[in-house]
Structure formats: structure tokens, C-alpha cells
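Inspection log for the structure reproduced underneath, given as C-alpha cells.
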Amino acid sequence: MTTAVTSTPKPTALITGASRGLGAAIARELAPTHDLLLGARSAEALRAILGELPGATGWPVELTDYSAVAEAVSPIKHLDVLVHNAGIADLGSIAESSVQQWRNTLEANVIAVVELTRLLLPALRAANGHVVLINSGAGLRANAGWASYAASKFGLRAFGDALRLEEPTLRVTSIHPGRIDTDMQREIIAGEGREYRAEEFLRPETVAGTVRSAIDTPRDGHPTEIVLRPF
């Protein structure tokens, strides 16, 4: 007589901004243990990472197109992990900023995060899930030239704090990394007129490992905030 062996399904993780940089590093880190939904603005943007991780599923949607987001989340009934990694960094002084810059930054970095989370709350509740917010050192302290970005990240932190209190069955982790060696960082340094030195920044894999550690924390622990700086 043989005994049937049933395999436990993998938990499901949705990662936004997963086509490159930190998002792709998080996808690689979670791929062995999770069924992945990888978000980006277009299917074309996801082509490379899906070729690298053929077991993952693309989830292309513009996160500020809220009717499209509602349609995209409708099939998701059970979600173990939601990693909010997508965001923008439009830098410059307050004097040189515009209303549109502030709107775009707050829209992408706060409002879109709130709406995606809100729409996915039933699926997250069904799984007693974990929401991971990729914040920034700018979400703890604002610097000159970073006002709109820092304001959005302070807002993101406040959202995480409120979500943690309002949804006691969920774990909510805000991760505040320092500057990371990514294409976005190269653009920022170029805008600052400085030479790019990769060794000055955190590796994406290091931050991805921190995300993994937060997710893997046993259920009796709630990692609420993690601050990570280049050494």
C-alpha cells in the first residue's frame, strides 16, 4: 500500500517594479520559495526577468491607472506577500519644483501604493499576509533637493503605520535602505554632477536579502521597521 504525498502549495508574492534593479533582485531572492506575480508598466519591460525566472507570472499594469489596477487584481483571491517596490524619484529644490512634480511623486509613491493595497486587502486578509513597503532613508530624514521625494516617503511610512494598526491580522514592514546601486541611482548621481562609484552604495541583492529576512521572520515576530545603510 502506498501513501499519497501531497505537496504544500508555495505562498504567492506580488512584487511591483520588478523588471529591473531592486525589484528584480527581490524576485530572484523569492523565486525558489514563492509563486511570483511580477509587476511593471508593460509586458515588454518584464520580458528579461520572466526569461530569467520562467516560473514567474507577469503582471503588467500602470499602477496609477486605477481602473486597470482594479481589473488586474480581480483574479487574486489569496496573497501571502505584497512588496511595494515601484516608485519614482523626481528631485530638485523646492524653489524650482512644480505642482506637477509634487503631484506625480505623491501619486506614484503614496496614492498608487494605498489603492493597490486597498484593493488587495481581501486577498491579504485571506492569507494573513505580509505587506512590505520599500521606503528610503528619505522617509526618515529629508535633505535639500529631495523635498517632494522625502514627503512621499514620509507619507508612505505613515500609511504603513496606520495599516499595521487597522489590519491586525497582517504584518506590515517598512524597509528604509540607503542608496542602492541601480540604474535609477546612476541617473540621480548624474543629475548631481558626481562620478558614480558603485562601491559607495548598497547592492540590490543585500536589500533583497533583507526583504527575505523580514518575510521569513517567524509568525510570533512582527518586523515593523528595518533601516539599512551602506557600510
Side-chain angles (χ1 to χ4, degrees), residues 9-89 104-135 152 156 159-160 163 167 170-175 180 182-184 204-205 207-212 214-216:
K10 290 181 179 179
T12 300
L14 169 58
I15 305 166
T16 68
S19 63
R20 61 180 185 152
L22 177 57
I26 295 170
R28 296 183 192 103
E29 183 71 33
L30 298 185
T33 53
H34 289 71
D35 289 326
L36 296 181
L37 297 172
L38 302 184
R41 287 183 175 139
S42 68
E44 179 60 32
L46 288 165
R47 188 181 302 276
I49 191 64
L50 290 176
E52 183 180 340
L53 303 175
T57 300
W59 197 74
V61 64
E62 172 54 65
L63 294 175
T64 57
D65 182 344
Y66 300 118
S67 59
V69 171
E71 182 178 352
V73 304
S74 60
I76 304 174
K77 306 302 181 186
H78 190 279
L79 185 63
D80 299 276
V81 178
L82 172 59
V83 180
H84 286 290
N85 172 70
I88 64 172
N104 290 345
T105 302
L106 293 169
E107 185 88 30
N109 293 356
V110 183
I111 297 171
V113 171
V114 172
E115 181 61 1
L116 178 58
T117 307
R118 187 188 70 82
L119 291 169
L120 285 170
L121 278 176
L124 288 162
R125 289 167 181 157
N128 292 328
H130 196 155
V131 178
V132 179
L133 303 168
I134 302 299
N135 201 296
S152 72
L156 184 63
F159 167 67
L163 182 66
E167 299 291 334
L170 306 184
R171 293 199 293 181
V172 181
T173 303
S174 290
I175 296 181
I180 306 169
T182 62
D183 290 342
M184 179 184 288
E205 295 79 11
V207 183
T210 301
V211 173
R212 150 75 67 186
I215 293 169
D216 286 349

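What's counted below: heavy atoms across the whole structure, side chains too, no hydrogens, waters or symmetry copies.
For the pair Pro11/Val81, no side-chain contact is recorded, criterion being any heavy-atom separation below 4.5 Å from C-beta on. Counting only heavy atoms from C-beta outward, the side chains of Leu14 and Leu120 approach each other to under 4.5 Å. The shortest side-chain heavy-atom distance between Thr33 and Arg212 falls under the 4.5 Å cut-off. Counting heavy atoms from C-beta on, the side chains of Val73 and Leu116 come closer than 4.5 Å.
A distance of 11.0 Å separates CG of Leu63 from CD of Glu115, quoted to the nearest 0.5 Å. Taking CZ of Arg41 as the start and CD of Glu62 as the end, the distance is 5.0 Å to the nearest 0.5 Å.
The number of heavy atoms from other shown groups lying within 6.0 Å of CZ (Arg28) is above 12.
Between the side chain of Asn135 and the backbone N or O of Ser174 there is no donor-acceptor pair closer than 3.5 Å. Judged by distance alone, with hydrogens and angles left aside, the side-chain atoms of Asp80 form a donor-acceptor pair with the main-chain N or O of Thr12 at under 3.5 Å.
For the residue pair Thr173 and His130, a side-chain donor N or O sits within less than 3.5 Å of a side-chain acceptor on the partner.
Partner Val211 forms a side-chain contact (heavy atoms from CB on, under 4.5 Å) with one of Asp216, Ile26, Leu22 and no other, that one being Ile26. Under the side-chain contact (heavy atoms from CB on, under 4.5 Å) test applied with His84, the options Ile134, Val131, Ile175 reduce to a single match, Val131.
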